[in-house]
Amino acid sequence: MTAASPSAASRLTAGSGTPSLRHRLADRGIDRVLLLLVPGILFLLLLFVYPFLYGLQLSFSPQIDGGQALMNGYQGPLANYLYFFGDSYQRDTIWTTLVIGLPAALVNVLVSVPIAYRMRGRFRFKRTLTTLLVVPIALGTVLTADGLIEYLGPAGWLNKALVDFHVINEPLTLVHNYWGVFFSLVITGFPFAFLLVLSYLSGIDPNLERAASVMGAGWWERFRRVTLPLLVPGLAITFCMSFVLAFSVFPSANLVGDPSGTTRVISIAAYHAAFEQFDYSLGSATSMIMGAVMLAIIALVLGWRNTMFRGPAGGKG
Amino acid sequence: MAAAANVPADMAPAAPRRRFRPSGIAGWVVWGLVAFFFLNLFALIATVVLDSIATTWFGSWLPDDFTNHWYGDAWAEFNLSDILVVTAQVAVIVVVLSVLIGVPAAYALARRNFPGKSIITVLFLLPILIPPITYGIPLATVLYKVQLAGSITGVILANLVPTVPFVVLIMIPFIEQIDPKIESAARMCGASTVTIFLRILGPLMIPGMLAAAILVLVRTVGMFELTFLTSGPTSQTIVVVLYDAVFGAGIRAPQEVDAMAVVYTASMLVLLIIALRFVNPTQLVTRVGDR
């Protein structure tokens, strides 16, 4: 920091020569304030970037001692990946996760749209209702799963009501299978999607719709031709976030699902490899695959979004 | 910020206040869907609460008789007081550290434009965008390698990964709306940097910091994945103990598990009611979508 010396400052005030390094940096926004960033960046480098890179490197060096890939005869740095895609028990977890995650995210977003559309204005119980929607977030996945097992179980209220009113003869199997996980994802994911869609809808200028109304457009036409196109960018973001939540489902897939069969999602496979078989290398490789699939879906959705209209009157996205 | 966010800016002042009254088939369908969702949600919660105070309950509409001894049993068997102390320790330390690390970083990001700012912003966004289970497994592997996993320190470090960026994200818009001229004026009047932070910016940032802190508290108490991956027998928070009680081996009365679940939900609801005094419900779910 020689540039900060008094001589540099005096040279500047004299108006001769080039400005000091400190001033030139300050012109580009670099000054001591940036030191405030240092703890945060160091922290993330140490606990986020380094573990990620370590995991990536680990996934390319298959574990010698008890490693699943070597035991199954795969060699070389790609052994973990070859093993994962070569073994249908591992490979199918991607499909299982997509089959649970995509419909759950889609239902959460699509059901949110009409409800949020009806509620975008002001009405008396709006704040109460949005507050109530936060309750599932307070429950968390574990209690939701616990409650689902009892409420939807063979002797639970729902089956009892359906049997007593002769809607069905035998209790429905709704937990410890695909549907249990699906319901759990809807209960925790719907409020999340709804509140996001509502905030995007509130960001659309209502005068646009009024203008359309004055021009004689009916409610369907107003929604279809005015609101929906403006909402699409926000919907894409909401879908991505709902999907990421659903794709990383872990506790409920174990608790209300069938964790060794129809709901053996990819996060269970990664956890199983790393902390039950103690093959950290395969566990890291599975995590990397999980991240890659997720990013691929997000890239597809956002790429599609970019083909849509993006204008100043759009949602807050 | 919270007060301003509560008022939706979507209706002109002249617009009449809409009544809470469904109209048309579409309206009834929409309200029916909402009612159906809440009906099931409350039945689900009621099942857990009723079972936790039931002597026996199988196959009938309501339990045979009521008792409160499951709470005492659960309290003793799971050492709930210890677990709650651990949970509170983890949550409070995570809140303090993430505010201490996050607020200065948010200040720098809000006030300066510098080369490479977008890269740093992405670095702060990634831990929020990527679900915890994805980076949690490599993170836990590293923590096991340096022998921090299993201790409270390990749990705190892991929980800080999403909360520090979360504080940064909440504080950036908050700091941006504080007029930088106030700082310049204070400096003109001879205030030192420390004085400016303590006497000028500090009081102005308190509401935002409170909102960030309470949201971090709620997220940390409810954070399952990272705590699950990094905790040991003495460092489990209540949500992980609850998971083990449901999923782990061993024979337990289901009522005891439900009693613990009710304790967990009750403490979460208390936190949420406090949180909702400071923030809008939307903020509890909005992570980055609401930029």
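All of these numbers come straight from a predicted model, not from anything done at the bench. Labels below follow one simple rule: chain letters A, B, ... track the order of the sequence lines, proteins then strands, and each chain is numbered from 1.
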With a 4.5 Å heavy-atom cut-off, do [X] and [Y] have their side chains touching?
X        : Y        : answer
B/Phe114 : A/Val33  : no
A/Met290 : B/Pro131 : no
A/Ile115 : B/Trp31  : no
B/Phe124 : A/Leu37  : yes

Chain A interface, residue from [options] that has the most non-hydrogen pairs under 4.5 Å:
options                               : result
B/Val246, B/Leu229, B/Leu160          : B/Leu160
B/Val168, B/Leu157, B/Val262          : B/Leu157
B/Leu271, B/Val29, B/Leu242, B/Leu269 : B/Leu242
B/Val142, B/Val240, B/Leu126          : B/Val142
B/Val49, B/Thr193, B/Ile101, B/Leu143 : B/Ile101

| field | Ring geometry between B/Tyr135 and A/Phe48 (parallel below 30°, tilted from 30 to 60°, perpendicular above 60°) | value | perpendicular
Max heavy-atom pair count under 4.5 Å with chain B, selected residue of [options]:
options                                : result
A/Tyr280, A/Phe250, A/Trp219, A/Phe247 : A/Phe250
A/Leu53, A/Asn159, A/Asn254, A/Leu152  : A/Asn254
A/Pro251, A/Pro154, A/Ala270, A/Ala145 : A/Pro251

Chain A contact via [X] - which portion, at a heavy-atom distance below 4.5 Å:
X        : result
B/Leu100 : neither
B/Tyr264 : side chain
B/Leu44  : both

| request: Step by step, work out the side-chain contact (heavy atoms from CB on, under 4.5 Å) result for B/Lys145 and A/Tyr54. | output: CA-CA 11 Å; B/Lys145 197 179 65 161; A/Tyr54 177 81; 3.2 Å; yes
| How long is the span from the CG atom in A/Asp146 to the CG atom in B/Asp258, to the nearest 0.5 Å? | 5.0 Å
| query | Does the gap between the ring centers of B/Phe37 and A/Phe190 come in under 6.0 Å? | reply | yes
